[in-house]
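Side-chain atoms are counted along with the backbone in the values below, which use heavy atoms only and exclude waters and symmetry mates. Predicted, not measured: the structure shown is a model, and the values here were computed from it.
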Amino acid sequence: MNLQVVWFKRDLRVVDHEALSRASLLGPVLCFYQVEHEYWQLPDTSNRQWLFIRESLFDLAEQLQNIGGRLVLFEGNVEVALKQILCNFGHFTLHSHEEIGNLWTFERDQKVARWCRQEHVDWREYAQFGVVRPISKRKSRFKAHWDEWISRPPSTVSDNPYFINAELPSELKLSNLPTLVTYDELDCPLRQLGGRTNGLLILESFLNHRSERYRGSISSPLTAESGCSRLSPYLANGCLSLREIANAVLLAQKKVQNSFWKKSLHDYYTRLWWHCYFIQTFESNHHMEHVALTSAMEKLDRPFDADKFEAWRMGRTGWPMVDACMRCLHAHGWINFRMRAMLVSVATFSLSLPWRPVAEWLAKLFVDFEPGIHYPQIQMHSGMSGNKTLRIYNPVNQAFDLDRSGIFVKRWIPELRDISHTWIFEPWKSKGYLKTGIKSEGGSFYPAPLVDFEIVHRTAKAKITELRAQHNIIAAKGFNEQNQKRSRSSSKSSRKRKTNDNEEGNQLSLF
């Protein structure tokens with residue numbers, strides 16, 4: 001019987017793993033993972049992401065050991081590893097999930113496909129999510145396809161599978177997995193730990209306790225830390241399958257009696273659908289990693305300003321809520337979706353920075369980096385998708401809405417701990433504030449805002465309105481949103497939240 005080779009990529013589990021399941025039915029199985037050092041030098045990858053994967057590989061090795069298998073590790077070019085397997089074992093069939101990653105992984109897979117054709121190796125790929133590649137193969141509308149895919153029974157490994165556990169000459173020992181594959185400028189001391197074991201604990205705590213508050217907790221960075229599922233890194237790296245999470249959510253929804261809790265679980269289930277929708281959108285517009293979806297939007301005047309970019313990426317913009325979110329992201333490798341959107345909006349609209357370096361910096365910080373989510377959201381929130389809804393987030397309004405007591409801001413910006421609660425979100429209005437910033441009683445210094453938000457907001461809107469009129473801009477396919485009219489309050493309070501362009505639109509946004 002021919003050898004069945006399972007190539008693990010971003011699917012670091014054995015449960016509901018279709019490639020492993022199919023391979024186990026066909027013959028002896030060899031499982032391997034490739035540490036691709038070239039990948040870890042890309043501008044959207046980071047060592048904090050690798051450390052999560054490294055922990056997940058240790059966990060995967062234990063999962064395989066529990067069913068009689070062994071994880072073989074290789075370094076370098078995957079084609080070299082495949083050649084070695086061919087030389088040692090003869091002809092084989094290759095199995096893997098269909099990775100929808102960045103352009104580098106797509107081109108790597110194209111090279112592997114060419115190698116397989118040259119060597120007459122049958123490479124069988126399986127969908128990781130409810131996404132079809134190419135889209136022309138999809139036989140129904142996306143929602144119907146997703147519902148059908150999610151309802152399929154989970155893939156299982158055959159009884160008493162036969163694994164090839166022989167050591168290969170050039171394999172990398174698990175104990176020698178590097179801890180450093182690229183240089184990170186910032187440490188990430190509070191990041192989540194990788195591996196399926198940890199992912200299951202997070203899933204259990206979410207379904208049994210934390211999901212009750214999901215519906216009202218996901219917008220504020222204060223409540224989102226525990227109110228959000230926190231499953232995104234385990235989904236991005238395949239420690240848990242999306243199907244098993246979706247089915248677990250449906251089961252939990254049947255068990256709970258509280259109507260609000262049921263709605264929270266329903267909302268989360270819907271987010272899983274949107275997760276796959278955006279990855280499908282990315283698959284259909286894969287160039288968006290490097291090119292604006294609406295080319296005319298590139299005509300916006302957004303020159304790279306090194307000083308502004310440095311202040312933004314290091315959390316020194318002078319807007320407390322923005323800087324607190326960026327510093328939180330530095331330490332956790334995670335921030336909730338709405339605050340991610342605000343960070344993009346402030347960088348590209350308020351500071352007029354180009355979207356590409358913004359996208360790359362945030363991607364490196366996200367331990368849960370998922371290209372199919374990240375790049376569509378960057379395109380949308382920087383305006384490059386041409387969507388009519390402008391998400392220009394007012395950092396002061398966001399702070400008053402989402403951190404009313406200033407707890408989050410003071411946690412991450414110690415320079416402002418001595419500032420009166422009255423001015424915590426607008427320190428430039430406080431006594432003793434200078435044009436350059438403010439110094440606390442302890443001697444720490446917090447800078448002034450880089451620009452006047454009200455002025456840049458009006459300017460940005462005017463420029464985009466003019467650009468749309470000149471070029472008859474329409475939204476990119478998959479990003480056509482309808483503005484939703486909302487009633488406005490007649491309150492005279494300047495701190496009352498305004499329902500204008502800084503509001504979120506409909507559910508098209510995952511940020």
Side-chain angles (χ1 to χ4, degrees), residues 221 292 297-330 335 338-362 378 380-384 389-403 406 409 412-413 415-416 419 423-430 432-439 444-467 494-495 497-498 500-504 511:
M297 294 301 294
E298 291 276 26
K299 297 180 182 296
L300 283 174
D301 186 22
R302 290 177 172 176
F304 182 77
D305 185 310
D307 291 337
K308 287 182 179 179
F309 183 72
E310 181 69 12
W312 171 79
R313 77 183 189 99
M314 298 307 294
R316 301 283 292 171
T317 66
W319 289 311
M321 191 61 161
V322 174
D323 296 336
C325 287
M326 183 61 82
R327 296 183 195 187
C328 177
L329 180 55
H330 290 171
I335 192 75
R338 184 163 177 171
M339 296 300 93
R340 297 184 190 204
M342 182 186 70
L343 290 174
V344 177
S345 170
V346 165
T348 57
F349 284 107
S350 303
L351 300 180
S352 299
L353 291 168
W355 65 272
R356 292 177 186 83
V358 169
E360 290 173 357
W361 175 249
L362 290 176
I378 291 289
M380 183 186 304
H381 290 281
S382 65
M384 292 299 105
T389 302
L390 286 182
R391 290 178 172 84
I392 303 179
Y393 285 70
N394 184 319
V396 175
N397 287 352
Q398 292 296 312
F400 278 118
D401 279 356
L402 305 175
D403 187 30
V409 164
W412 292 103
I413 307 184
E415 305 98 301
L416 296 180
I419 298 296
W423 308 116
I424 185 67
F425 305 132
E426 301 171 289
W428 54 90
K429 293 183 178 180
S430 65
Y433 195 84
L434 304 174
K435 287 185 177 180
T436 54
I438 189 169
K439 184 175 288 188
S444 58
F445 182 79
Y446 186 69
L450 297 169
V451 296
D452 185 309
F453 176 80
E454 296 299 332
I455 293 175
V456 297
H457 183 192
R458 288 194 298 270
T459 303
K461 287 183 66 177
K463 287 181 178 179
I464 291 171
T465 299
E466 181 182 1
L467 198 64
S494 63
R495 293 176 189 171
R497 184 181 178 187
K498 297 179 180 180
N500 53 25
D501 285 335
N502 71 302
E503 293 270 11
E504 291 182 295
F511 271 11

Colleague: Report yes or no: does Ser345 contribute a side-chain atom to a donor-acceptor pair with the main-chain N or O of Ala341 at less than 3.5 Å?
Modeller: no
Colleague: Within a strict 4.5 Å, meaning less than it, do heavy atoms of the Met326 and Ile335 side chains meet?
Modeller: no
Colleague: Which salt bridge (charged side-chain N to carboxylate O under 4.0 Å, His left out) pairs, counting each pair once, include a residue from residues 347-359, with sequence neighbours left out?
Modeller: Glu298-Arg356
Colleague: What donor-acceptor contacts under 3.5 angstrom involve side-chain atoms of residues 306-313, with partners at least two apart or in another chain?
Modeller:
unit_1 : atom_1 : unit_2 : atom_2 : d
Glu310 : OE1    : Arg313 : NE     : 2.8
Glu310 : OE1    : Arg313 : NH2    : 3.1
Trp312 : NE1    : Leu343 : O      : 3.1
Arg313 : NH1    : Glu185 : OE1    : 2.9
Arg313 : NH2    : Glu185 : OE1    : 3.2
Arg313 : NH2    : Glu185 : OE2    : 2.9

Colleague: Between Leu362 and Arg340, does the side chain to side chain contact (heavy atoms under 4.5 Å, CB included) criterion hold? Intermediate values first, please.
Modeller: CA-CA 9 Å; Leu362 290 176; Arg340 297 184 190 204; 6.0 Å; no
Colleague: Between Pro320 and Ile424, which heavy-atom pair has the shortest distance, and what is it?
Modeller: CG-O, 3.4 Å
Colleague: Do Asn394 and His457 have side chains that approach each other closer than 4.5 Å (heavy atoms only, starting at C-beta)?
Modeller: no
Colleague: If you compare all heavy atoms of Val358 against all heavy atoms of Ala347, which two are closest, and at what distance to 0.1 Å?
Modeller: CG2-CB, 3.6 Å
Colleague: Give the minimum heavy-atom separation between Gly318 and Asp323, together with the two atoms involved.
Modeller: N-OD2, 3.0 Å
Colleague: Is any side-chain heavy atom of Trp428 closer than 4.5 Å to a side-chain heavy atom of Tyr446?
Modeller: no
Colleague: Please walk me through it: do Leu329 and Trp412 pass side chain to side chain contact (heavy atoms under 4.5 Å, CB included)?
Modeller: CA-CA 10 Å; Leu329 180 55; Trp412 292 103; over 6 Å; no
Colleague: Restricting to side chain to side chain donor-acceptor pair (under 3.5 Å), what partner residues turn up for Arg316, sequence neighbours left out?
Modeller: Glu415
Colleague: List the atom of Pro427, the atom of Leu416, and the distance in Å for their closest heavy-atom pair.
Modeller: CB-CD2, 4.2 Å
Colleague: So do Met321 and Val409 actually touch side chain to side chain, heavy atoms under 4.5 Å?
Modeller: yes
Colleague: Does Gln398 form a side chain to side chain contact (heavy atoms under 4.5 Å, CB included) with Met339? I'd like the steps, not just the answer.
Modeller: CA-CA 9 Å; Gln398 292 296 312; Met339 296 300 93; 3.8 Å; yes
Colleague: Where is the tightest heavy-atom contact between Tyr393 and Val346, given as atom of each residue plus distance?
Modeller: O-CG2, 4.4 Å
Colleague: Are Leu467 and Leu300 side-chain neighbours, meaning at least one heavy-atom pair lies under 4.5 Å?
Modeller: yes
Colleague: Enter the distance from Lys299:NZ to Lys463:NZ here, rounded to the nearest 0.5 Å.
Modeller: 14.5 Å
Colleague: Dump the intermediate steps for side chain to side chain contact (heavy atoms under 4.5 Å, CB included) on Thr348 and His381, then the final yes or no.
Modeller: CA-CA 8 Å; Thr348 57; His381 290 281; over 6 Å; no
Colleague: State, yes or no, whether a side-chain contact exists between Leu402 and Pro221 at a heavy-atom distance under 4.5 Å.
Modeller: yes
Colleague: Measure the shortest side-chain to side-chain distance between Pro303 and Asp301 over non-hydrogen atoms and say whether it is less than 4.5 angstrom.
Modeller: yes
Colleague: I'd like to check the side-chain contact (heavy atoms from CB on, under 4.5 Å) partners of Ser430; sequence neighbours left out, ordered by chain and number.
Modeller: Trp423, Tyr433, Ile438
Colleague: How long is the gap from OG on Ser350 to CG on Asp452, to the nearest 0.5 Å?
Modeller: 10.5 Å
Colleague: Please report the closest heavy-atom contact between Ala448 and Lys435, naming both atoms and the distance.
Modeller: CB-O, 3.2 Å
Colleague: Report the distance from atom CG of Leu353 to atom CH2 of Trp361, rounding to the nearest 0.5 Å.
Modeller: 13.5 Å
Colleague: Measure the OG1-CD distance between Thr459 and Glu454 for me, rounded to the nearest 0.5 Å.
Modeller: 11.0 Å
Colleague: To the nearest 0.5 Å, tell me how far Cys328 SG sits from Ile413 CD1.
Modeller: 11.0 Å
Colleague: Among residues at least two apart in sequence or on other chains, which ones pass side-chain contact (heavy atoms from CB on, under 4.5 Å) with Leu434?
Modeller: Thr436
Colleague: Test of understanding: with ring pair (Phe, Tyr, Trp, His ring centres under 6.0 Å), list the residues that count as partners of Phe425, not counting sequence neighbours.
Modeller: Phe400
Colleague: Using a 3.5 Å distance criterion without hydrogens, assess whether the side chain of Arg302 forms a donor-acceptor pair with backbone atoms of Trp355.
Modeller: no
Colleague: Once you round to the nearest 0.5 Å, how far does CD1 of Ile392 lie from CZ of Arg458?
Modeller: 12.0 Å
